Amino acid sequence: MAVAQMMKSRMSLVLDDGIDEISGKQLFKTKSFNNVKIAATADQLYSIANAVVVLQQRPLLSIERKDSSELRGA
């Protein structure tokens, strides 16, 4: 049986960068924060993201967490 061990985590704020004038598609800007503690809960990251987003000029569209794990045989 394989076991997954979380190795690192990253939080990203996806911000609204307007509409492309030529294509009419939504544009995005992403601000990423590396070295997020792997033990951080979703509530903790959500609180931090909301505290940081007030420093941004663009509106927040979403908050993403990206985890990387290493798989090992048990």
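Everything numeric in this text was worked out from a predicted model, so none of it was measured. Here, residue 1 is the first one in the sequence, and each next residue gets the next number.
Pairing each heavy atom of R65 with each of S9, the nearest pair is NE-OG, 2.9 Å. Between V36 and M11, the closest heavy-atom pair is CG2-N, 3.7 Å. Residues A49 and I63 share a closest heavy-atom pair of CB-CD1, 3.6 Å.
Every pair passing side-chain hydrogen bond (donor to acceptor under 3.5 Å, both in side chains) that includes a residue from residues 10-19 is listed here, sequence neighbours excluded: S12-S32, D16-Q26, D17-R58.
If you chain together hydrophobic residues whose side chains sit under 4.5 Å apart, L27 and I19 never meet in one group.
Remark: D20 pairs with S23 by the side chain to side chain donor-acceptor pair (under 3.5 Å) rule, at least two apart or across chains. When the side chain to side chain donor-acceptor pair (under 3.5 Å) test is applied to E70, the partners found at least two apart in sequence or on another chain are R72. With sequence neighbours excluded, the residues that form a side chain to side chain contact (heavy atoms under 4.5 Å, CB included) with D43 are T41. Applying the salt bridge (charged side-chain N to carboxylate O under 4.0 Å, His left out) rule to K66 yields the partners E64; only residues at least two apart in sequence or on another chain are considered. Under the rule for a side chain to side chain contact (heavy atoms under 4.5 Å, CB included), the partners of A4 that lie at least two apart in sequence or sit in another chain are S69, L71.
For N35, the CG atom is loosely surrounded, since the number of other residues' heavy atoms within 6.0 Å does not exceed 12. Heavy-atom neighbours of F33 CZ from other residues, nucleotides or ligands within 6.0 Å: above the threshold of 12.
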Checking side-chain contact (heavy atoms from CB on, under 4.5 Å) for the pair K31/L15: CA distance, chi angles, key distance, verdict?
CA-CA 8 Å; K31 300 284 184 179; L15 306 168; 3.8 Å; yes

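Put simply, the side chain of D67 does not reach to within 4.5 Å of the side chain of I38, judged on heavy atoms.
Under the 4.5 angstrom side-chain criterion for Ile, Leu, Val, Met, Phe, Trp and Tyr, the cluster partners of F28 are V14, L61.
Taken to the nearest 0.5 Å, the CD1 atom of I48 stands 10.5 Å off from the CG atom of L13.
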